[in-house]
4 protein chains.
Amino acid sequence: MPPWPSASGASRVASVAVLGAAGYAGAVAAALLHRHPELELRHVTARSDAGTRLDEIHPRTRVPLVLEEPATDLDVDAAVVAYPHGAAAPVVRELLERGIRVVDLSADFRLRSPEDYAEWYGEHGAPDLVGSAVYGLPELHREAIRGARLVANPGCYPTAAILALAPLAREGLLGDVVIDAKSGVSGAGREPSHGKHFVTVDETVTPYKVGGHRHTPEIEQELGGALRVTFTPHLVPLSYGELVSCYVSPRGEADFAGVMRDAYGAERWVEVVEGPPGMHEVRETNFCRISAHEDPRTGRMIVFATIDNLYKGTSSQAVQNLNLMFGLDESLGVPA
Amino acid sequence: MPPWPSASGASRVASVAVLGAAGYAGAVAAALLHRHPELELRHVTARSDAGTRLDEIHPRTRVPLVLEEPATDLDVDAAVVAYPHGAAAPVVRELLERGIRVVDLSADFRLRSPEDYAEWYGEHGAPDLVGSAVYGLPELHREAIRGARLVANPGCYPTAAILALAPLAREGLLGDVVIDAKSGVSGAGREPSHGKHFVTVDETVTPYKVGGHRHTPEIEQELGGALRVTFTPHLVPLSYGELVSCYVSPRGEADFAGVMRDAYGAERWVEVVEGPPGMHEVRETNFCRISAHEDPRTGRMIVFATIDNLYKGTSSQAVQNLNLMFGLDESLGVPA
Amino acid sequence: MPPWPSASGASRVASVAVLGAAGYAGAVAAALLHRHPELELRHVTARSDAGTRLDEIHPRTRVPLVLEEPATDLDVDAAVVAYPHGAAAPVVRELLERGIRVVDLSADFRLRSPEDYAEWYGEHGAPDLVGSAVYGLPELHREAIRGARLVANPGCYPTAAILALAPLAREGLLGDVVIDAKSGVSGAGREPSHGKHFVTVDETVTPYKVGGHRHTPEIEQELGGALRVTFTPHLVPLSYGELVSCYVSPRGEADFAGVMRDAYGAERWVEVVEGPPGMHEVRETNFCRISAHEDPRTGRMIVFATIDNLYKGTSSQAVQNLNLMFGLDESLGVPA
Amino acid sequence: MPPWPSASGASRVASVAVLGAAGYAGAVAAALLHRHPELELRHVTARSDAGTRLDEIHPRTRVPLVLEEPATDLDVDAAVVAYPHGAAAPVVRELLERGIRVVDLSADFRLRSPEDYAEWYGEHGAPDLVGSAVYGLPELHREAIRGARLVANPGCYPTAAILALAPLAREGLLGDVVIDAKSGVSGAGREPSHGKHFVTVDETVTPYKVGGHRHTPEIEQELGGALRVTFTPHLVPLSYGELVSCYVSPRGEADFAGVMRDAYGAERWVEVVEGPPGMHEVRETNFCRISAHEDPRTGRMIVFATIDNLYKGTSSQAVQNLNLMFGLDESLGVPA
């Protein structure tokens, strides 16, 4: 028996809702939770598509639930909030006040420093809650996540970049860091725009937010806070997947590959491999694949990490976090 | 009247051959030369496809010439040699001995240091000729190309990377340099392989030759020779085009964008633009598009350069070099 | 000397404007006309992007003209109108009333039957002009185009389908006809939508407007009018290019391949080839490539035709038409 | 307890091997069987890659088994044979003689008529076994599959085409039939070739085997045998997925959509939908999605069917067949 009362009264451990389920991240979260053996997906909501069945908008999910109007007075134990930053904070507050645990996919509770949030995103909608949020990267914060009522699910780029670099940061090995990231188009969301038009993206690679992407402070925070990194994302012509190529001037000498292997030897969802990893290998899974290399001419370290931006980069990681929050096996319902 | 006797006797300035015209680079060179107003394409050769019309193998070229068996006793003023490295050197020697000027697309005459060649490629087939070759990047070596009998056409990655960084190198502004490059699949050549199979390339990004790509010494040579750079190419799912993302820790302060604009203000084929450049903008042209940015958090410079790997990156640059070698307007027959 | 007064007074034969130049078709038309040796591109207009240079929106055009507010009192001899159907008709009327010749890229003047127009598009904005319009497929209506003041430029699918089937129609060989068409995404226009989002299009093929695409009556009209065809377009994950696969139950026997060769032997822009043609072979050119095959099991004819939907399918065909209208060599400024 | 002795002695119902597991189809079969709750994957073999772990060649499978040299004296209850046609027949014979049940992915046992096999494939290697093979399309031949020792797994195109048309054939509604098929590149296999090179496939659509694809007789056989269809496959630039667009001149009137719904109402893996189905909706699943439409102008029926060519089109269908052969729930280990 779970150590908390289940709103569902059903035989499952807990009931959940996905708010904002018409976007890519919300839809994947709903699809995973709909098939979860111990969590019951009870509600899916969407502002503009309310009244439509989720599997009509996203047939691949095969979730036959009807999208409801957004609401927070829901009879569930937990909610995944898939709202844009800024819009999430007030909704998260209402959910928490009703005793509903939250995994927030937005950036609203990822940065511990209110000044950083103000600089990158503007005024915060619920600054008093920031302190109680846990950064939801299980490989770094597993214990804190277990007890959390509010988990700030990491951004997709930070998930890959932090997993690639945290072991080196922990050992004090990180000098200068350049992160050149490549992402598929689903990372930019479902809303149509010129930048996501097939003809715009096809047959080219597009750097964007050069010198100013909002995932930068999140990466820096989790690598210790003091470091300043150059982070440059590029849009590439593919739908799902993300690769970060990290260039590190190491402080001191070490068996870098050994450091990586040691860090993740016990982690199911992080695979340290020899050759550069490929997006195919992690597609639609919760895996992050990492390889570490030395550039013999410059002594620089090169660390690659790849994830599926909608799975380990967002929604399967959210399920991983829910599992931890409800005392379940961390891998239940998480796709391998 | 041209200052040299034309082998053709025709009204055109000079006659040319393309050796190895069945590959991508050779085919594009042939297509451009076939339409050149002052150069007459007289022969195309190919080992395994001899006897076939070029436009049967590469219909888009619309070059109706029949591929001939490889030969060097050709009645032409100049030849473009599109052979693999190692195979090119002896052929180049024979051509030069017959008085035929050469633009060599291989790496055989790009490196001025025999030690570097030996380290990266193995034994050289014509070491005595290395000293007389000119590195065929017109924006850097225009005057030397004009008088050259042997031009070593730059590699595709080096063309983009050197154009991006040479102005900073000249001003002594280059500190640490990381070059993260993205290339379409045509850059890997026409020979079928698992790595170029559609299913392998589609929907992923693949780093390769990490810490050891042969274009590295070529880039370093043209940036002054002393600098050591980290150069990491990535294969991306598109056919034509290349983007280099260069990360530079600058030595000293400067108006970097101004340095770039000054360097290329008079160059027709290098466009310095504000936003990050895109491959579409240079596709099937001889243009290189460059933008320079500062990362405000780290002070690092980020310079992007994009080219079509088969045009400015190889074959239209070869035509640009031929124009210079024969005293023609540099842009004749070069696609804009 | 041309047989009409040039509005430009310049040495070129005529001056032109492109109305609606911010879309894909208008931009390509502008790019071609900007480089045309005898036509002077004097104005480009666009409603929502007025004030911006065309090469900022479409860098590849390299047309430095500033987009102007839409207008019809233009000092030009001719205009290419790249407006949506319905919106074009009133503008075309105004242009003609000012003595400006028009190539209209919309569907407004393609259908000679007002009833057909009403059925497929709704009420016509200038029904009195329909009779004076010439269907701008030069291979079928060259002489009429020469004298026309209003040319209705064909749709992209009809261009390919009619070129594939007209020779058989002319010989009375067409029985049942099924046209299965595949188009790149640029054919759907530049306006962002869910249907053109990269993630929607990538890695799938999407039939659309099944049994009811508006290009159907246009095809039927040009094949004689009495025939009813099944026409099914499919969106495929690529940017530019179109292939129609036409299945014909022939009436009677004939040397079908011979019929095709005879029909197009003298046509520069239609290439009859043996094997199935590919989009690469016509990309960014005015060519249509056609092959005819017999299915030995059923006796059915299979005719393939491929074009670049923005070139022969729209804008280079518009230039071909302008050349005819102004007594110029049909291929001037038309890309091969 | 299963009604047959298990070679494994383990608690699972049966043990299996995949012969030819280094190709795409074999690898997917191995991946599915490795995770099957009641079938134990005990051996994987591959001629040229023997000695390598399967997950090194196909990391996504995450099957850590080492590829063995091809053999037939295997301690298993069943084998999936993923060999080219011609090569499969003798191996299948040996397996059957050792009492090992077989699902053969090749074409060797699909055609019941030896004359048809001879015409399309050449001499048969085991003609005496043809009569005992069952065509492995469960929706048509479920009962026969249950008792079979040799199941001929259908080709990918036939799977989609037959599922689309069999209900109409059964009702005697099929008149003339044209099948225009579109397939991703994995359908052409893993062996590198010019035709599968990324640059060849990208940004084009390629009809192939026009009027003569070997899947034609297989489709005709399962639609009754007397009908002759025109079947034209096209290669499209995507990796996984297949769409058949079937054009039918119906014999007589009927509620076609109703016929389809009735035919598949009880079938878990065939989904009859309203709009044209998309490949995304079936990717990496055993689903076939079908829609039926009427062309109001011609009275023709248009039926679309889409599958993942490596799943319902090959390997998950093979697992579905194995389930039936071993008395298991048909959907065990089959991906939804």
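So you know, we letter chains A, B, ... as the sequences are listed, proteins then strands, and number each from 1. The structure displayed is predicted, hence computed values, not measured ones.
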**Student:** Tell me, side chain or backbone of V199(A) under 4.5 Å from chain B's heavy atoms, or both, or neither?
**Tutor:**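 Contact with chain B is through the backbone of V199(A) alone.
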**Student:** Which bit of H293(A) is near chain B, if near means a heavy-atom gap under 4.5 Å: side chain, backbone, both or neither?
**Tutor:**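 Contact with chain B is through the side chain of H293(A) alone.
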**Student:** Nearest 0.5 angstrom please: F304(A) CZ to T206(B) OG1, how far?
**Tutor:** 10.5 Å
**Student:** Please report the interatomic distance OG1(T232(B)) to CD1(I302(A)), rounded to the nearest 0.5 Å.
**Tutor:** 4.0 Å
**Student:** If you count heavy-atom pairs under 4.5 Å with chain A, which of R297(B), M279(B), E281(B), E242(B) comes out on top?
**Tutor:**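 Option with the greatest count: R297(B).
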**Student:** A quick test of your reading: do over 12 heavy atoms of other residues, nucleotides or ligands sit less than 6.0 Å from CZ of R170(B)?
**Tutor:**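 More than 12 within 6.0 Å, yes.
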**Student:** Test V236(B) against K182(A) for side-chain contact (heavy atoms from CB on, under 4.5 Å), laying out the working first.
**Tutor:** CA-CA 10 Å; V236(B) 286; K182(A) 296 90 178 166; 5.7 Å; no
**Student:** Please flag which part of V205(A) lies under 4.5 Å from any non-hydrogen atom of chain B: side chain, backbone, both or neither.
**Tutor:**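 Interface part for V205(A): both.
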**Student:** Check whether D176(A) gets within reach of chain B through its side chain, its backbone, both or neither, counting any heavy atom under 4.5 Å.
**Tutor:**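 Both backbone and side chain of D176(A) come within 4.5 Å of chain B.
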**Student:** Among E294(A), R228(A), R300(A), which residue has the highest count of heavy-atom pairs closer than 4.5 Å to chain B?
**Tutor:**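 Result: the option with the highest number of such pairs is R300(A).
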**Student:** What's the separation between atom CG in D180(A) and atom CD1 in I179(B), rounded to the nearest 0.5 Å?
**Tutor:**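 Here the rounded value is 12.0 Å.
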**Student:** Non-hydrogen atoms of chain B under 4.5 Å away: do they reach the side chain of T216(A), the backbone, both or neither?
**Tutor:**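 For T216(A), the contact with chain B is made by the side chain alone.
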**Student:** Checking V177(A) against chain B: side chain, backbone, both or neither under 4.5 Å from a heavy atom?
**Tutor:**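 When you check distances to chain B, only backbone atoms of V177(A) fall under 4.5 Å.
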